[in-house]
Number of protein chains: 2
Amino acid sequence: MSRTAPTAALKGVVKASRTTSQNDSIYNEMLSAILEQRLAPGTKLSEDTLGEIFGVSRTVIRTVLQRLAHEKIVRIQPNRGAFVAEPSPEEAREVMQARRLIEEGMIRDAIRNQSPENIGELRRSVAAERLSLEKGDHEAWVRLSGDFHLMLAAVAGNKTLLAFLKELVSRTSLIIVQYQKGTLSPCSCDEHTEIIDAIVARNENHAIALMKAHLKACEDQLNLCESDEKADLYSIFAKPIKEAGKSRTAM
Amino acid sequence: MSRTAPTAALKGVVKASRTTSQNDSIYNEMLSAILEQRLAPGTKLSEDTLGEIFGVSRTVIRTVLQRLAHEKIVRIQPNRGAFVAEPSPEEAREVMQARRLIEEGMIRDAIRNQSPENIGELRRSVAAERLSLEKGDHEAWVRLSGDFHLMLAAVAGNKTLLAFLKELVSRTSLIIVQYQKGTLSPCSCDEHTEIIDAIVARNENHAIALMKAHLKACEDQLNLCESDEKADLYSIFAKPIKEAGKSRTAM
DNA sequence: CATAATTTTATTGTATACAAAAATAATAAA
DNA sequence: TTTATTATTTTTGTATACAATAAAATTATG
């Protein structure tokens, strides 16, 4: 009874050795749970509950939550606790814009720094992505889809930008969870392959255009018409009306 | 005797109200101390000592150190503790490259989103910067010089990119502390003014070129010839030789 | 019955206690 | 004297205890 429903999704707990990587282990578990949609945006992340689930004290849970908060995956409200982040439409647009800017720069560097090994890894990643899509393994697809962009960043070779992009990719997953309208993209694998081909061909302008189009297509699949905040406002002001009935407020 | 010399620079402790902003207060104090060169790169940041200085327990110090570590201002070594970061020459180049990329994108947005109020604030900031330079107030100049770029980011309007740039600007200060050769730049105020003028004139290409040149000039003032790591290696292998004497290792 | 005030409960924020690891000091051996 | 080993001290990592705040449940009141 004490472990409430929302966090019940986290059951596979690895005990982890007594090193500091226990920290990382819990961090990865929670990040996966959020990005794989096992923890919905807005879910309360109680320190006590998580501590029981992972078999550690609140101290270490707190550290993990702070890390996730810094990456904007979790929102910490003072004296209220931690919640899975609910990125606003504005924030979603900002993240996608930031990605277009950073990934454009990375395409340029990737074209310069590419090697057969690098490109081979990228192609294998896309192959795995295609496979997961064919098998209908949504979780794996989400992860691998993001991995492609991170691997491209690794090819570009700027670890600082890679760290930024890692955060942006995670946040994108959360954004897709919240705002994706209808079914997911038909197959972005083909777009990924095209981008690799353009990089190999050293066709900078084309590669950049493809990447920008790819990211724009992703954003266009979202329903960012600020309907979310409106709904909140309505629910607040509609308090007097309890059940169905006729609305009294103006449209 | 217990409060060791390195951290003695932090003396002006604000008690802060019992809100969570006590956290922020200590964070700001420590960040300022590092960026204003009162805490040199590599300085050990003992939890106990800092706790005594700020009159709080290690718990809250730990939170602050983790935050600074996430921003790469502090490096945490497991079981060893926290140290003021010592960015490598490679990291320095990465940070400057990331800045060129991000600030180019922000120039574009700033040109679109500018308003008389925004521009006025920018100009006032540069005026304050010039004044601090004339007065020889190095600390204020470092801060204001960074503020210009952050205000420009605010004009651009993408809070996500602003957060990234805030981190990069802080790291730049640390980099300058470590690698600046000779005296500091003659007067980057003029460059800042030129950038504002180009933005007001909506001359995108010119504004971007100026910004890139400005950042490149900053990087060129650094001594990033990996001499730092070499020095470390030498000092390690030179252990047998205690005082002056003739070196036995090959040049 | 609905609303307001109060009490109770639960949860976070912080301090402290203890365990584990690392750094330092001291001692013993070559 | 130098090096290796051991003992001591210091410092970090984690758990727990208590205080402060917020949420809820309860009671009182119109």
Side-chain angles (χ1 to χ4, degrees), chain A residues 1-7 13-27 29-30 42-70 74-84 236 239-243, chain B residues 1-7 13-27 29-30 42-70 74-84 236 239-243:
Chain A
M1 208 55 158
S2 83
R3 42 184 75 177
T4 51
T7 40
V13 181
V14 189
K15 196 55 193 226
S17 55
R18 81 286 319 279
T19 67
T20 308
S21 69
Q22 172 187 274
N23 239 326
D24 291 354
S25 168
I26 295 175
Y27 164 82
E29 281 278 338
M30 289 190 58
T43 304
K44 174 75 186 291
L45 300 171
S46 155
E47 298 178 359
D48 253 323
T49 310
L50 290 168
E52 279 180 33
I53 289 170
F54 289 105
V56 295
S57 76
R58 283 173 52 212
T59 310
V60 41
I61 296 295
R62 218 141 211 285
T63 303
V64 172
L65 288 174
Q66 277 157 8
R67 184 171 166 193
L68 288 166
H70 197 117
V74 153
R75 169 179 48 97
I76 292 180
Q77 273 186 300
N79 289 318
R80 297 287 311 280
F83 304 82
V84 177
I236 288 165
K239 198 170 49 176
I241 302 127
K242 243 182 292 183
E243 280 229 319
Chain B
M1 206 58 158
S2 81
R3 44 184 71 178
T4 51
T7 41
V13 181
V14 189
K15 197 55 195 221
S17 55
R18 82 287 319 276
T19 66
T20 308
S21 70
Q22 172 187 278
N23 239 324
D24 290 356
S25 169
I26 296 175
Y27 164 82
E29 282 279 338
M30 291 190 58
T43 304
K44 175 74 187 292
L45 300 170
S46 155
E47 298 178 358
D48 253 325
T49 309
L50 289 169
E52 277 180 34
I53 289 171
F54 289 104
V56 295
S57 75
R58 284 173 52 213
T59 310
V60 41
I61 296 296
R62 218 142 211 284
T63 303
V64 172
L65 288 175
Q66 277 157 9
R67 185 171 165 192
L68 288 166
H70 199 117
V74 153
R75 168 178 49 94
I76 292 181
Q77 273 186 299
N79 288 319
R80 297 285 314 279
F83 305 81
V84 177
I236 287 167
K239 199 168 50 178
I241 303 127
K242 243 184 291 182
E243 278 228 318

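Here is the naming used below: chain letters follow the sequence lines, and residue numbers restart at 1 for every chain.
For the pair B/A82 and A/V60, nearest-nucleotide mapping onto DNA chain D gives the more 5' position to B/A82. Where A/R58 and B/Q77 meet DNA chain D, the nucleotide closest to each residue was compared, and B/Q77 sits on the side nearer the 5' end.
Nucleotide C/dA15 holds its P atom 10 Å from the CG atom of B/N23, rounded to whole Å. Following rounding to the nearest Å, B/L65 (CG) and D/dT12 (P) show an atom-to-atom distance of 9 Å. D/dT14 atom P lies 12 Å from atom CD1 of B/I76, rounded to whole Å. Residue B/Q66 contributes atom CD, which lies 13 Å from atom P of C/dT14 at whole-angstrom precision. A straight line from CD of A/E52 to P of D/dT14 spans 19 Å, rounded to a whole angstrom.
In this structure B/A82 satisfies the side chain to side chain contact (heavy atoms under 4.5 Å, CB included) test together with B/L45, B/L65, B/V74, B/I76, sequence neighbours excluded. Legend: residues meeting side-chain hydrogen bond (donor to acceptor under 3.5 Å, both in side chains) with B/R75, ordered by chain and number and at least two apart, are B/Q77, B/E86. For A/S57, the side chain to side chain contact (heavy atoms under 4.5 Å, CB included) test picks out A/T59, A/V60, with sequence neighbours left out. For B/E47, the side-chain hydrogen bond (donor to acceptor under 3.5 Å, both in side chains) partners two or more places apart in sequence, or in a different chain, are B/R58, B/R62.
One finds a side-chain N or O of B/S57 lying less than 4.0 angstrom from the OP1 or OP2 phosphate oxygen of C/dA15.
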Contacts under 3.5 Å, N or O only, protein and nucleotides 22-25 of chain D:
| residue | atom | partner | partner atom | Å |
| --- | --- | --- | --- | --- |
| D/dA23 | OP1 | A/R80 | NE | 2.4 |
| D/dA23 | OP1 | A/R80 | NH1 | 3.0 |
| D/dA23 | OP1 | A/R80 | NH2 | 3.1 |

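Relative to the side chain of A/S46, the nucleotides C/dA15, D/dT14, C/dT12 differ in distance, and C/dT12 lies closest. Listed candidates were C/dT12, D/dT12, C/dT14. Nearest to the side chain of A/D48 is C/dT12. Checking D/dA15, C/dT14, C/dT11 against the side-chain heavy atoms of A/K44 singles out C/dT11 as nearest.
With contacts defined as side-chain heavy-atom distances shorter than 4.5 Å, the pair A/I61/A/E52 does not qualify. Within the 4.5 Å cutoff, the side chain of A/M30 has heavy atoms near those of the A/L50 side chain.
Counting all heavy atoms, side chain and backbone alike, A/Y27 lies closest to A/V64 at CA-CG1, 3.7 Å.
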